[in-house]
2 protein chains.
Amino acid sequence: MPAGRWSEETESRSPVDVVARLGVVTSYARNAEIFGEDQAAEHVYVVLSGAVRICKLLGDGRRQIETFCLAGDVFGWETAPKHRFSAEAVSECKVIRVKKSILFARAADDAELSHALWALTAAELSRTQNHLLVLGRKTAQERVATFLLDMASRAGTSQGAVGVEVTLPMSRQDIADFLGLTIETVSRTLTHLEETAAIALPSSRRVVLRDSVVLKRLNS
Amino acid sequence: MPAGRWSEETESRSPVDVVARLGVVTSYARNAEIFGEDQAAEHVYVVLSGAVRICKLLGDGRRQIETFCLAGDVFGWETAPKHRFSAEAVSECKVIRVKKSILFARAADDAELSHALWALTAAELSRTQNHLLVLGRKTAQERVATFLLDMASRAGTSQGAVGVEVTLPMSRQDIADFLGLTIETVSRTLTHLEETAAIALPSSRRVVLRDSVVLKRLNS
DNA sequence: CGTATCCTTGATGCGAGTCAACCGAGGTGG
DNA sequence: CCACCTCGGTTGACTCGCATCAAGGATACG
């Protein structure tokens with residue numbers, strides 16, 4: 001496993017690998033809680049396989065999913081001593097858990113690692129800011145289209161290829177709570193996109209992006 | 001100006017001061033653009049006085065304000081070589097502009113500064129994530145209440161003091177674009193909060209928090 | 001005093017939420 | 001093997017909160 005220099009533009013494999021080598025692997029069952037809100041934040045996690053949802057709850061049970069973490073993504077990241085959100089396994093998944101104290105100690109005299117930690121946080125901030133625009137200003141159709149394109153690009157498919165099939169690891173409820181919609185609206189919107197031939201739905205969890213021009217127009 | 005050790009929990013004055021000493025001061029008129037979307041991101045900024053809005057636009061003109069930066073706040077922060085949002089002066093304001101390259105060079109062999117940069121980014125991420133919950137799941141009343149409490153606490157008033165008056169530097173349109181609402185809904189909601197004695201509005205830009213219990217219940 | 005800008009208020013419409021029924025894929029046990 | 005249940009998803013009828021459209025005030029400024 002080569003060290004690989006960190007560069008500002010690319011999300012090099014290196015920092016995640018560095019983190020990975022310092023921790024231990026744990027498995028979680030579907031819907032298992034990895035950590036809860038207000039729990040002590042002692043670890044940082046890297047997803048190896050499966051998917052994790054990061055969520056916040058309101059007193060009356062309303063839920064907002066901040067992000068979904070797929071293989072290679074890092075979460076648990078915080079300066080605060082307590083987590084300000086919870087993390088749950090969307091599907092059966094494996095994650096690496098690393099003590100924050102160990103990581104920080106190492107970063108203190110490793111400028112490269114230190115920069116990598118910062119870059120990862122900045123990247124997450126950028127994604128979160130994009131999502132703000134989605135939740136604040138986009139319609140249901142636009143939200144769903146944005147979500148599908150995002151999932152497709154994260155699944156590593158070549159950008160804009162026609163007929164790409166994406167398998168969604170999460171339920172409609174998860175999608176709804178991520179997009180600030182209800183389960184019914186998500187379902188109806190997907191049906192509508194299928195009726196207008198923008199996508200195909202061979203099964204509820206599998207989506208084929210048919211007309212990426214239409215989807216991208218909805219994306220902005 | 002003492003160096004002051006950076007501590008993980010407190011937002012020490014030190015890192016901002018360090019940044020401040022490396023840059024030059026510039027003034028901007030109301031509504032002036034400080035930088036635009038897709039412009040080269042060569043500087044980082046610190047607000048000295050006044051307020052700045054950070055925004056993103058959709059093709060058809062819909063706008064989402066990501067955050068308002070007040071005195072002491074840092075913005076412009078990004079790993080990417082181009083800005084992914086624009087920054088505009090909400091009111092007459094003064095900011096310090098620092099070359100990112102200089103700052104980064106310094107951070108490379110100053111672990112403390114490096115940690116400070118990371119902590120600032122993490123803090124902004126945390127605020128952005130809270131705002132996701134607001135935009136995704138809160139009602140208009142809750143959004144406005146959350147906003148008012150946030151502005152009050154940032155204005156440095158003692159938490160929860162009754163009768164605190166906050167002066168809002170931004171227009172109703174700015175508030176609406178921050179909260180994912182329309183100007184009319186913001187106005188009506190403020191009127192409604194006034195009618196129910198939760199707040200008082202001596203003038204349109206000045207808000208007195210009368211019943212912080214009601215406001216806090218709306219906050220979650 | 002006129003005008004521009006910002007804010008408020010009212011009437012009306014629509015997109016998404018709510019409530020409720022139904023469908024279909026597994027899974028389990030008689 | 002089939003009856004039954006459960007769980008996730010879809011669909012329909014209706015409601016409601018916020019947006020839209022449209023006037024009308026208030027404040028500041030030349």
Side-chain angles (χ1 to χ4, degrees), chain A residues 29-31 51 53 58 60-65 90-92 134-148 167-196 199-207 218, chain B residues 29-31 51 53 58 60-64 89-92 134-148 167-196 199-207 218:
Chain A
R30 200 165 133 66
N31 292 325
R53 58 178 177 254
L58 241 30
D60 59 1
R62 279 174 288 176
R63 183 177 73 156
Q64 178 63 45
I65 294 181
V90 165
S91 56
E92 191 76 18
V134 171
L135 296 188
R137 288 298 178 211
K138 290 195 180 178
T139 65
Q141 271 206 45
E142 292 167 338
R143 293 180 201 208
V144 171
T146 301
F147 171 70
L148 293 177
T167 298
L168 306 173
M170 72 290 286
S171 69
R172 294 289 187 267
Q173 185 64 63
D174 284 340
I175 299 174
D177 286 344
F178 178 63
L179 297 178
L181 299 171
T182 59
I183 185 177
E184 294 94 333
T185 300
V186 170
S187 182
R188 272 189 257 269
T189 305
L190 285 169
T191 303
H192 180 245
L193 287 174
E194 190 181 25
E195 282 165 1
T196 57
I199 63 171
L201 285 165
S203 82
S204 72
R205 300 286 183 108
R206 290 184 304 137
V207 183
L218 284 172
Chain B
R30 200 165 131 69
N31 293 325
R53 59 177 176 254
L58 242 30
D60 58 2
R62 278 174 290 176
R63 184 176 73 153
Q64 178 63 44
V90 165
S91 56
E92 191 78 19
V134 172
L135 296 187
R137 288 299 180 213
K138 290 194 181 180
T139 64
Q141 272 208 42
E142 291 167 338
R143 293 181 201 207
V144 171
T146 301
F147 172 70
L148 293 177
T167 298
L168 306 174
M170 71 290 285
S171 70
R172 294 287 187 268
Q173 186 64 64
D174 284 340
I175 299 174
D177 286 344
F178 178 63
L179 297 179
L181 299 170
T182 59
I183 186 177
E184 294 94 333
T185 299
V186 171
S187 182
R188 272 188 256 269
T189 305
L190 285 168
T191 304
H192 180 246
L193 287 174
E194 190 181 25
E195 283 165 1
T196 57
I199 64 171
L201 286 165
S203 84
S204 74
R205 298 287 182 109
R206 290 184 303 137
V207 183
L218 285 172

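Residue numbers start from 1 in every chain, and the chains themselves are labelled A, B, ... in the order their sequence lines are given, proteins ahead of strands. Only heavy atoms go into these numbers, but all of them, side chains included; no hydrogens, no water, no symmetry mates.
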Taking CZ from A:Arg62 and C1' from D:dG17, how many angstroms apart are they, rounded to a whole number?
13 Å
Roughly how many Å is it from CG in B:Leu201 to C1' in C:dC7, rounded to a whole number?
11 Å
Nearest-Å distance for atom pair CZ/C1', residues B:Arg137 and D:dG17:
15 Å
A:Gln173 CD to D:dT10 C1', straight-line distance once rounded to whole Å:
14 Å
Give a yes/no answer on whether the side chain of A:Thr191 brings an N or O atom under 4.0 Å of OP1 or OP2 in D:dT10.
no
Contact class for B:Ser203 (heavy atom, under 4.0 Å): base, sugar-phosphate, or nothing?
nothing
Rounding to an integer number of Å, can you tell me how far A:His192 NE2 sits from C:dG15 P?
11 Å
Residue A:Arg30, side-chain heavy atoms: nucleotide from D:dG8, C:dG17, D:dC18 that is nearest
D:dG8
Counting the atoms with a prime plus P, OP1 and OP2 as sugar-phosphate, which does B:Ser187 contact under 4.0 Å by heavy atoms, base, sugar-phosphate, or nothing?
base
Going by the salt bridge (charged side-chain N to carboxylate O under 4.0 Å, His left out) test, name the single residue among A:Arg172, A:Arg53, A:Arg63 that passes it with A:Asp177.
A:Arg63
Of the listed nucleotides C:dG17, D:dA19, C:dC7, the one nearest the side chain of B:Ser171:
C:dC7
With B:Asp174 as reference, evaluate B:Val90, B:Leu168, B:Ile183 under the side-chain contact (heavy atoms from CB on, under 4.5 Å) test and give the passing residue.
B:Val90
Base, sugar-phosphate or nothing for A:Leu190? Non-hydrogen atoms, less than 4.0 Å.
nothing
Less than 4.0 angstrom between a side-chain N/O of A:Thr185 and OP1 or OP2 of C:dA16, yes or no?
no
Taking atom P of C:dT5 as reference, at what distance in whole Å does atom CZ of B:Arg205 sit?
14 Å
CD of B:Glu184 versus P of D:dT20: gap in Å, rounded?
8 Å
Between A:Gly180 and B:Ser204, which is nearer to the 5' end of DNA chain C once each is assigned its nearest nucleotide?
B:Ser204
To the nearest angstrom, how far is A:Leu179 atom CG from C:dG17 atom P?
11 Å
Carboxylate-amine/guanidinium proximity below 4.0 Å for B:Asp60 and A:Arg137:
no
Any Lys/Arg nitrogen of B:Glu195 or B:Arg188 sitting under 4.0 Å from an Asp/Glu carboxylate oxygen of the other?
no
Does a donor on one side chain and an acceptor on the other come within less than 3.5 Å for B:Ser187 and B:Glu184?
no
Ranking D:dA19, C:dA16, C:dC7 by distance to the side chain of A:Thr139, first place goes to C:dA16
Just call it for A:Arg143: base, sugar-phosphate, or nothing, with non-hydrogen atoms closer than 4.0 Å on any strand.
nothing
Please confirm whether any donor atom in the side chain of A:Arg188 sits under 3.5 Å from an acceptor in the base of D:dG9, or the reverse.
no
